[in-house]
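See structure below.
Model, not experiment: these values are computed from the prediction.
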2 protein chains.
Amino acid sequence: MARTTGSHSDITGPRVRAAALALFAQHGFAAVSMRQIAREVGVQAGALYNYTPDKQSLLFDLMNAHMSELLASRADLPAEQSPLQALETFTRFHIRFHSERPEEVFIAYMELRNLSDENFQKIEELRRAYEDQLEEILREGVAEGVFQVADSKLATMAVIAMLTGVNTWFREGGRLSLAQVEQIYWDMVRKSVGA
Amino acid sequence: MARTTGSHSDITGPRVRAAALALFAQHGFAAVSMRQIAREVGVQAGALYNYTPDKQSLLFDLMNAHMSELLASRADLPAEQSPLQALETFTRFHIRFHSERPEEVFIAYMELRNLSDENFQKIEELRRAYEDQLEEILREGVAEGVFQVADSKLATMAVIAMLTGVNTWFREGGRLSLAQVEQIYWDMVRKSVGA
DNA sequence: GTTTTAAAAGAACATCTGTTCAGTTAACTA
DNA sequence: TAGTTAACTGAACAGATGTTCTTTTAAAAC
């Protein structure tokens, strides 16, 4: 056999990325073989190399797409808000965006060490850019006297860790709706920065 | 060659665990081979099986020891405190204990999916027991009217995520001392629960 | 309908994987 | 010092690993 009936790169390409995403999230990058991904797609291992130069690029592309989408979605949010409004917007956005993409988030946090040095730098840059946006909000709030935080960098890390932690336990259809979780976390974030 | 001069299980055993700890933390369980561990110890791969029945047990033993030590150290802390004092004690203990064991903490969070079902249950039980202690503190504080939290379970998860997040960026000898970090985080935790 | 191109199969490569085991030598015991 | 036990070597096992390449066939273009 060779080319199969109905085969098309516009279909197979996305399926390769989807299979890699699901498998990497479940078992980890290092524990997943190219043959497992191929089996999931319904193709032989060699065919994957029509869609990625190698396994490493497959991982990087997934992480890069996720981080880029995060920054792009964030950029679509309303600007020109007061620090308090901006913090609420950021909080709710972060929880919602991340809860909608549990697999991407999981990979983005767990597989950093499996990136090549060069790829790691690029992802780190994107992550830093995102964190800086929160820090900027906190800084403005402090300058306006709305927030009381001893150290804006620490507060940034604390808030992000707290919010991203939602992904470790939140499941749709559980005891609380996402809207309720958003509200409770927003209350805690607000109080934690003294507003 | 066979038995090497100076070889002794009291020495090699700990070295095997230390090598596994360091390598698992750096590259991930799945990415580390028994031969890499053996090379680090200065021994052939087969010799490792004098110290562990298999690779999986090596991982489980590391995680189990870590979680057990966490609970034991926690049990040594002063009890009979007010909810506010107890929360401060918990906060400072958590940050200090975790900052002293970055590799163990990293493995305990990242390698859960590489545990067998049975081993995963055991580790989860220990983790749950630890979280329950924080939740109990929050519950008592709410009952006494000292804390204002909408949901004690969520607040527990939020606080732990926030505190454990310190490990992702804190490095000894950095801009802030551990004592400073402890203080700042304690302020944020206290405020976040409305105290 | 013929030619060109795109997509996949399937075999092959060298190397690595966890684990077992018989053989060998050092350390300990009496 | 002889006998026993503990610690390790080194080879072997069967199978998996990422990746490359030639060949084959379907889809698209003309």
Relative to the 5' end of DNA chain C, which residue comes earlier, Ser7(B) or Arg39(B), by the nucleotide with the nearest heavy atom?
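Result: Arg39(B).
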Mapping Thr5(B) and Ala31(B) to their closest nucleotides on DNA chain C, which lands nearer the 5' end?
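Whichever sits nearer the 5' end wins; that is Ala31(B).
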Tell me what Ala47(A) touches on the nucleic acid: a base, only sugar-phosphate, or nothing, going by heavy atoms under 4.0 Å.
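Since only primed, P, OP1 and OP2 atoms lie under 4.0 Å of Ala47(A), the category is sugar-phosphate.
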Report which part of the nucleic acid Val41(A) touches: base, sugar-phosphate, or nothing (heavy-atom distance under 4.0 Å, all strands).
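Result for Val41(A) = nothing.
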Starting from [atom2] on [N], measure out to [atom1] on [X] and report it in whole angstrom.
X: Asn50(A); N: dA26(D); atom1: CG; atom2: C1'; answer: 14 Å
X: Asp54(A); N: dT20(D); atom1: CG; atom2: P; answer: 8 Å
X: Leu23(A); N: dG18(D); atom1: CG; atom2: P; answer: 12 Å
X: Met34(B); N: dG10(D); atom1: CE; atom2: P; answer: 18 Å
X: Gln44(A); N: dT20(D); atom1: CD; atom2: P; answer: 17 Å
X: Ile11(B); N: dA6(D); atom1: CD1; atom2: P; answer: 16 Å
X: Arg35(A); N: dA11(C); atom1: CZ; atom2: P; answer: 12 Å
X: Leu48(B); N: dG10(D); atom1: CG; atom2: C1'; answer: 14 Å

Presence of [X] side-chain N/O under 4.0 Å of [N] phosphate oxygens OP1/OP2:
X: Ser33(B); N: dT17(C); value: yes
X: Tyr51(A); N: dA8(C); value: yes
X: Thr4(A); N: dA26(D); value: no

Among [options], which nucleotide sits nearest the side chain of [X]?
X: Ala2(B); options: dA7(D), dT17(C), dT20(C); result: dA7(D)
X: Lys55(B); options: dT19(C), dA7(C), dT9(D); result: dT19(C)
X: His8(A); options: dT19(D), dG18(C), dA7(C); result: dA7(C)
X: Val43(A); options: dT19(C), dA8(C), dA26(D); result: dA8(C)

Leu23(B) to Glu40(B) - nearest heavy-atom pair and separation:
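Closest approach of Leu23(B) to Glu40(B): CD1-CB, 4.3 Å.
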Go through it in stages, so that I can follow the logic: the residues are Glu88(B) and Arg92(B), the test is salt bridge (Lys or Arg N to Asp or Glu O under 4.0 Å), and I'd like the CA-CA distance, side-chain angles, deciding distance and then a yes or no.
CA-CA 6 Å; Glu88(B) 179 170 2; Arg92(B) 293 184 182 276; 3.0 Å; yes
Are the ring centres of Phe90(A) and Tyr130(A) closer than 6.0 Å?
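Between Tyr130(A) and Phe90(A), which both carry aromatic rings, the centre distance is below 6.0 Å.
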Whether His98(B) and His66(B) hold their rings parallel, tilted or perpendicular, with breakpoints at 30° and 60°
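Because their plane-to-plane angle is over 60°, the rings of His98(B) and His66(B) count as perpendicular.
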If we ignore angles and hydrogens, is there a donor and acceptor under 3.5 Å between the side chains of Ser73(A) and Asp76(A)?
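Ser73(A) vs Asp76(A): no donor-acceptor pair found between side chains.
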